[in-house]
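These notes are about the structure you will find just below.
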Amino acid sequence: MSASPGQPVPAACGDWAATKAAYRFFDNPRVTEHGVLAGHFAATADRVAASEGPILILQDTTEFIYNRAQPGKIGFTKTINGGRYEAGRPRV
């Protein structure tokens with residue numbers, strides 16, 4: 001599956017046996033996100049510990065919130081319903 005990360009599970013697995021095995025893996029209650037990522041976290045910690053220079057951490061976020069006191073000065077490009085803040089004001 002790692003060779004085809006954008007494909008649906010059946011297409012990434014290639015045959016019915018591998019697809020069935022993948023779905024069984026996903027459905028296994030003993031398989032957790034933490035357990036699957038534990039090796040990645042440990043390897044990352046080892047690489048950080050071995051580094052002597054600065055470490056750059058990149059972050060990909062899907063939401064940006066730019067609050068402005070006067071949003072009219074920068075303009076709105078799109079308004080979306082993002083729920084409500086605690087004070088009851090809509091998030092746009």
Side-chain angles (χ1 to χ4, degrees):
M1 290 183 66
S2 65
S4 306
Q7 295 293 318
V9 173
C13 291
D15 63 8
W16 176 243
T19 301
K20 191 171 181 179
Y23 282 121
R24 283 184 177 164
F25 176 78
F26 299 145
D27 196 40
N28 187 332
R30 295 180 297 165
V31 176
T32 63
E33 180 181 1
H34 185 321
V36 170
L37 293 174
H40 169 67
F41 292 151
T44 300
D46 291 344
R47 286 192 304 273
V48 168
S51 176
E52 295 179 11
I55 297 170
L56 301 177
I57 300 173
L58 304 178
Q59 178 183 357
D60 178 19
T61 101
T62 57
E63 181 177 348
F64 295 96
I65 298 174
Y66 297 107
N67 291 324
R68 297 279 194 262
Q70 297 176 334
K73 290 188 176 183
I74 59 169
F76 285 110
T77 58
K78 183 177 180 182
T79 301
I80 60 171
N81 182 1
R84 296 202 173 270
Y85 288 119
E86 289 180 23
R89 296 178 304 149
R91 281 192 298 187
V92 293

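Heavy atoms only: backbone and side chains are in, while hydrogens, waters and symmetry mates are out. Positions are given from 1 along the sequence.
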Determine all donor-acceptor pairs shorter than 3.5 Å in which one atom belongs to a side chain in residues 43-50; sequence neighbours excluded.
unit_1	atom_1	unit_2	atom_2	d
Thr44	OG1	His40	O	2.9
Thr44	OG1	Arg47	NH2	3.1

Please report, to 0.1 Å, the donor-acceptor pairs under 3.5 Å made by any side chain of residues 14-28, with sequence neighbours excluded.
unit_1	atom_1	unit_2	atom_2	d
Asp15	OD1	Ala18	N	2.9
Thr19	OG1	Asp15	O	2.9
Asn28	OD1	Arg30	N	2.8

In terms of hydrophobic clusters joined by side-chain contacts under 4.5 Å, are Phe41 and Ile55 together?
-> no

Sequence neighbours excluded - side-chain hydrogen bond (donor to acceptor under 3.5 Å, both in side chains) pairs with any residue from residues 48-58 = none

